[in-house]
Amino acid sequence: MFEHITPYAGDPIFALVDAFNRDTRPNKVNLSIGIYFDEQERLPVLQCVQEAEKRILAEGGAKPYLPMEGEAACRTQVAQLLLGAQHPALAEGRVATIQTVGSSGGLKVGADFLRTWLPESAVWVSDPTWDNHRSMFEGSGFTVNAYPYYDAATGGLRFEDMLACLKGLPARSIVLLHACCHNPTGVDLTPAQWDALIPVLRERELLPYLDLAYQGFGDGIAEDAHSVRALAASGLTFFVANSFSKSMSVYGERCGALSAVCASKAEADLVMGQLRYTVRRIYSSPAIHAARIVAHVLGDTDLRALWEGELAQMRVRMVQVRQALHAQVCALRPDRDWGFLLSQRGMFSYTGLSAAQVDILREQHAVYLIRSGRLCVAGLTQANVGRVAQALATVA
């Protein structure tokens, strides 16, 4: 029955994690997978989440199936987090938000929805992007292309080339954009560049699809939502998938959402109905515990303040280890420009290392990066940053 099935090669990032776990060297450093670790190299359990779970348990009660679109309190809080509580799009009922199984679930639901209702469109992703972006949209039947993005020569953004490419796309093309903390490069558009991009999206009648997995890891909660709020203010229709895996350190709870900001309440109602149907065909309804964590943390004044403080601590720590790595590697290799370590933002940096150099890092120095050269800053600590700097200086 299944002899014709081709073998699955496996996911390269998870394969690296397996190899890291098998590595017996005491000085090994995992900078591969996109997970935030604290200074003790542990996955933190946030106090705000612990307190929210205590309240959830104290409330008790049954655990029914949620509606296909998820829990109402969670969805309301997510929409306000993205747009700001007083945004006109919310007051006008133009936003359809569903709770999803992580942002990956949101991306998949959105991809299936768009394949049904914009079947002639193609998808455009940044070069490079998170590998699963391409896989998800291709899995929904889309042709996926790439627009210029990362400038290997400068470690920055090819913004003019990006604009030129988008200006030539057919109307109703779907353009996947990273709202902040670009994965894998850490290179983001500035607010001014977003403001220059939005008229192009409008003129070409393109559909922006934002991935916002790291809100709060860049410059702050509101600052990292600039693109979402600017697009909503422009009147454009767009999608945004967001996640709390990193910002609340609840990876396995799969806390995510998908929002469609539409031209009118009538369109938003139509979209919501078909998003419900899309969910029904995939996983039927999302997780109740995930919804209640998000609703409690975002909806309670004290828990919200606690979360914002803990999130700021994570953001500041990543900036500090970036600065420490930059200072130490510059001292070791002053002949190279390491400025990208400071200009890139969020959880990742693109080192410019080749796959062969990454292999040497792993095999000779026990420092694990993925073969694209992406470095997960959140795996650095003040204790291991010196070893990492020495290894980078040796292979670069």
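Every heavy atom of this structure was used, including side-chain atoms; hydrogens, water molecules and symmetry mates were not. It should be emphasised that the depicted structure is a prediction, and the values quoted were computed from it without experimental measurement.
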Leu206 and Leu169, any side-chain heavy atoms less than 4.5 Å apart: yes
Test: Glu71 and Arg292 ion pair at under 4.0 Å: yes
Arg42 to Phe37, cation-pi by 6.0 Å centre distance and 45° axis angle: no
Residues Asp300 and Arg55 bridged, charged N to O under 4.0 Å: yes
Check: Arg204 side chain, Gly168 main-chain N or O, donor-acceptor pair, under 3.5 Å: no
Distance in Å, Ser343 OG paired with Arg322 CZ, rounded so as to fall on 0.5 Å steps: 8.0 Å
Enclosure of Glu223 CD (heavy-atom neighbours >12, cutoff 6.0 Å): yes
Asp112/Lys108 ion pair, N-O < 4.0 Å: yes
Min side-chain heavy-atom separation Leu392-Leu353 under 4.5 Å: yes
Non-hydrogen side-chain atoms of Asn384 and Thr381 separated by less than 4.5 Å: yes
Spacing of Ile288 atom CD1 and Leu66 atom CG [to the nearest 0.5 Å]: 4.5 Å
pair Thr185-Pro128: side-chain heavy atoms closer than 4.5 Å: yes
Axial cation check for Phe217 ring with Lys246, 6.0 Å and 45° limits: no
Asp127 CG to Arg158 CZ distance, which is reported to the nearest 0.5 Å: 7.5 Å
Lys NZ or Arg CZ of Arg374 over Tyr350 ring: under 6.0 Å, within 45°: no
4.5 Å side-chain heavy-atom contact, Tyr8 and Asp11: yes
Pi-cation contact, Tyr277 with Arg281 (under 6.0 Å, within 45°): yes
Ring geometry between His182 and Tyr149 (parallel below 30°, tilted from 30 to 60°, perpendicular above 60°): parallel
Gln86, CD: over 12 other non-hydrogen atoms inside 6.0 angstrom: no
Pair Phe137 and Tyr209, ring centroids less than 6.0 Å apart: yes
Aromatic ring pairing His133/Trp130, orientation class (parallel under 30°, perpendicular over 60°, tilted between): perpendicular
Val123 side chain near Phe142 side chain, heavy-atom distance below 4.5 Å: yes
Carboxylate-amine/guanidinium proximity below 4.0 Å for Arg362 and Asp359: yes
Arg336 charged N/C atom sitting above Trp338 aromatic ring, 6.0 Å / 45°: yes
Other residues, nucleotides, ligands: >12 heavy atoms within 6.0 Å of Glu39 CD: yes
Phe14 atom CZ, neighbour heavy-atom count above 12 within 6.0 Å: no
Partner of Tyr147 by side-chain contact (heavy atoms from CB on, under 4.5 Å), out of Leu177, Leu176, Asp161: Leu177
Whether Thr394 side chain and Gln390 backbone form a donor-acceptor pair below 3.5 Å: yes
